[in-house]
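Numbers restart at 1 for each chain; the letters A, B, ... are given by sequence-line order, proteins then strands.
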Amino acid sequence: MDDVTAILDHMNPAQREAVSAPQGNMLVLAGAGSGKTRVLVHRIAWLMQAEGLSPYAVLAVTFTNKAAREMRTRLEALLGISLRNVWVGTFHSIAHRLLRTHWQDARLPQHFQIIDSDDQLRLVKRLLKDHRIDDERFPPRQVQSFISGCKEEGLRPHQVDVHGDAYLAQMVELYERYQLTCERGGLVDFGELLLRSLELLRDNPELLAHYQQRFGHVLVDEFQDTNTLQYAWLKLLTGMQTPMTVVGDDDQSIYGWRGARIENIRRFEQEFPGAKTVRLEQNYRSTSAILDAANALIRHNSERMGKELWTEGARGEPISVYSGFNDLDEARFIVDTIREKVEEGTNRREIAILYRSNAQSRVLEETLIRQGVPYRIYGGQRFYERLEIKNALAYLRLLLNRDDDASLERVINVPARGIGTRTVEVLRTRARQTEVSLWQALHDALLDASLKGRAATSVRAFAELIEGLDNDTAGLALHEIIDHVIERSGLIEHHRSEKGEKGQARVENLEELVTAAKAFTQGETFEPPEAGEGAVALEAFLSEAALNAGDHEADEFEDCVQLMTLHSAKGLEFPVVFIAGVEEGLFPHKMSMEEPGRLEEERRLCYVGLTRAMRKLYLTHAELRRLHGKETFQRASRFLRELPEEHLEEVRLRGQISRPVTAGRPAVGLSRQTSVDGGAELPSLSLGQRVSHPVFGEGVILNAEGEGERARVQVSFEGEGDKWLVLGFAKLTPL
DNA sequence: TCCCGATCGCTTTTT
DNA sequence: GCGATCGGGA
């Protein structure tokens, strides 16, 4: 690019302002669909070309690998050069890079391993067992989230203020023990990557100075999602001197429950000297009807930084609202509508069904299957999280580090080789008492013959297997190591003999692991730091597997309807969007309804959902829903009422369109209807009639529609508000 | 060691 | 209603 101003071509004034602002702290408040990534990428290009910033002085941080990959790819495309060594990555991968480079200063063993949340949970469970702690009072998951929570707040055990609370004190003690176990095994969890790298910089002034000088500009994506630790990390790394460009949207902050601090973005202007804010409000995604609705909804939140989305585009179709009489009916409406759309020429991949909680997908899936509509669910288990893969990785970790207790315990008896829980118990006790790793304890036990008979034979065989694997794989290429390990350990055979298709799939996954390793060393799928031979490559591969567990996006080949939670839809867009289950208690979820702060986060989640739609948006809800195996009456979500009526349109299934019933006359189809079971007659009802309902109490019939099984009445209940009830289901008694 | 049945609990997810 | 988890029994 000869002329730097070409970077600003085809940009709107706000985008241009953000991209070309002189170096200095800047907050880009980027609304949904406002070209955020483009601005970020062009900003980097501008800094390099107009401000003379070296590519190596750039630090660009994201939350997900996907976002990092996208940024790098787009930047390379824009600049036409390879940016292999430029620091673009997730918080965790950058922290990891720092720790690998400065492992000694970070007081870590050279070959430290990264453990994922699953490993972390297993570790906590074992800890509780070892210390005979009641796991009813201290549920492993709670202990785990306490530990991660502390780390995310940047707190070490001694820094946690227990203010005399015995329960808290116990938690802290567990945290301390957990940390000790990690140290001993050379294990680093996700939170530790960040906390440790923060401490590394904090405690090594020369190192800190080096990086502060090295980075000329720091860019952060999705700033509203940063937690306390990430915020502190950024402050330390920039020394409040290095200019930062942060991009985010307070209205799309939906991760408060996992530690994200919305205050970080709200306070940015005050905290960072000379910070300038640029708002990107022009939307290139949705119709104005959709944007108006989204704007109206989010206005119900307090403490916003303020932002209004607008478009030069057309108003478009109104938002369709469908009230199903139950969850099956809701699903049927959605799938019928999808089939119609597809017949009209919409690709299935352009249609998404979003929901608040995963459990909702079941009914939708069943209906899609029944009607033969191909679909794909986002968010299944990921490749490196699969059981067979984790087992294989555990063997590989043992090759690098015998003291990795978690891995040793994972595979000592997988496949079964006669080392039962009792034997492992003996080893564990010994390890704890002599303060050594399991591997060491195992050898000690073999030496002083405290293991006897069959147990001793099996344990010895296992130890020899590991040593043998290590010897045999010396000097081999990464994929050959892995191939050898899964064969010789018996893992492949173990799964081959597993009954059913499951075993087959697992064998295939293990084979896929070998292929992935091959691709890894050849730099096809990943960019290994310096993937050398054998152990070096193995270490890099294991870290990569932990940090980048593979995405759950399936093959793009088949044209599929997309199903996912509202959370996973963030950042995506679809021409046609259905949001299902827009009901009180489900969305907003009942767990988040009480506290105003959490309710606002639910509303932001809804805002995120609405702004995913490009052309057409459907909001559906059901009056009766099976929840946890129980039929529950549901009320339409308050969020529906917060949308402007002028952009809403009630839809009914074809053939179900009913004239509004004139008051005073008995409603058509309401009297002498038989109930679903064909038995008892439904009560004779008319508009204005007083009725009683077992759950909602007494009320007055306001409206009626439909016939037969589907006939519904709207009843105004005292204290409960207006409700549409299905006569076939609701037990209404005339008064 | 594995398999089965009872029991529990149940929002969202990345690294 | 489903899936994970656990304990007991063969």
dT12(B) versus dT5(C) - spacing of their P atoms, nearest Å:
16 Å
Rounded to the nearest Å, what distance is computed from the OH atom of residue Tyr384(A) to the P atom of nucleotide dT15(B)?
14 Å
Any Asn358(A) side-chain nitrogen or oxygen under 4.0 Å from OP1 or OP2 of dT12(B):
yes
Hey, which sits more toward the 5' end of DNA chain B by its nearest nucleotide, Arg356(A) or Asn413(A)?
Asn413(A)
Can you list everything that forms a side-chain contact (heavy atoms from CB on, under 4.5 Å) with Lys125(A)? Sequence neighbours excluded, please.
Leu121(A), Pro140(A)
Given dT13(B), dT14(B), dG1(C), which nucleotide is nearest the side-chain atoms of His567(A)?
dT13(B)
With a non-hydrogen cut-off below 4.0 angstrom, is Glu602(A) in contact with a base, only sugar-phosphate, or nothing?
base
Does the His495(A) side chain pair with the main chain of Ile492(A), one donor and one acceptor, at a distance under 3.5 Å?
no
In terms of side-chain heavy atoms of Arg626(A), which of dT13(B), dG1(C), dT15(B) is nearest?
dG1(C)
Qualifying residues under side-chain contact (heavy atoms from CB on, under 4.5 Å), relative to Ala569(A), sequence neighbours excluded
Leu354(A), Met564(A), Arg612(A)
For Asn65(A) and dT15(B), is the shortest distance between a side-chain N/O and OP1 or OP2 below 4.0 Å?
yes
Atom CD of Glu366(A) and atom P of dG1(C): how far apart are they, to the nearest Å?
11 Å
From CG of Asp118(A) across to P of dT5(C) the rounded distance in Å is 9 Å
Atom-to-atom span, CD of Gln142(A) to P of dT11(B) - whole angstrom:
13 Å
How close or far is atom C1' of dT14(B) from atom OH of Tyr255(A), stated in whole angstroms?
8 Å
Arg196(A) atom CZ is separated from dT15(B) atom P, nearest whole Å, by 22 Å
Mind checking if Asp225(A) touches a base, just sugar-phosphate, or nothing, with heavy atoms under 4.0 Å?
nothing
Under the ring pair (Phe, Tyr, Trp, His ring centres under 6.0 Å) test, residues paired with Phe639(A) that sit two or more places apart:
Phe587(A)
From the options dT13(B), dT5(C), dT15(B), select the nucleotide whose nearest atom is closest to the side chain of Arg141(A).
dT5(C)
Can you tell me which nucleotide in dC2(B), dT14(B), dC10(B) comes closest to the side chain of His628(A)?
dC10(B)
So, Arg625(A) side chain and Glu631(A) main chain: donor-acceptor pair closer than 3.5 Å or not?
no
For the side chain of Asn391(A) and the backbone of Val414(A), is there at least one donor-acceptor N/O pair under 3.5 Å apart?
no
CG of Leu98(A) to CG of Leu237(A): how many Å apart, nearest 0.5 Å?
7.5 Å
Give a yes or no on whether a donor-acceptor pair under 3.5 Å exists between the nucleobase atoms of dT11(B), that is its base, and the side chain of Thr565(A).
no
Parallel, tilted or perpendicular, as decided by the 30° and 60° cut-offs, for the rings of Trp87(A) and Phe215(A)
perpendicular
Contact check, residues 580-595 of chain A vs DNA chain B, heavy-atom distance under 4.0 Å, returns His589(A), Met591(A), Ser592(A)
Are the ring centres of Tyr231(A) and Trp233(A) closer than 6.0 Å?
no
Those residues that, when tested against Ala546(A), pass side-chain contact (heavy atoms from CB on, under 4.5 Å) (two or more places apart)
Ile114(A)
Ring of Phe63(A) versus six-membered ring of dT14(B): centres under 5.5 Å and planes under 30°?
no
How many whole angstroms separate atom CZ of Arg69(A) from atom C1' of dT15(B)?
13 Å
Sidechain-backbone polar pair: Gln144(A) side chain, Ser117(A) backbone, donor-acceptor under 3.5 Å
yes
Do the side chain of Arg598(A) and the base of dT11(B) come within less than 3.5 angstrom through a donor-acceptor pair of N or O atoms?
yes
Between Tyr378(A) (OH) and dT14(B) (C1'), how many Å, whole number?
14 Å
Classify Gly420(A) by what it touches in the nucleic acid, base, sugar-phosphate, or nothing, heavy-atom distance under 4.0 Å.
sugar-phosphate
For nucleotides 6-10 of chain C, which of its nitrogen or oxygen atoms have a protein nitrogen or oxygen under 3.5 Å away, and what is each distance?
none

Just to confirm, is there a sub-4.0 Å distance from OP1 or OP2 of dT13(B) to any side-chain nitrogen or oxygen of Ser568(A)?
yes
Determine the Euclidean distance between corresponding P atoms of dT13(B) and dA4(C); express it in Å to zero decimal places.
16 Å
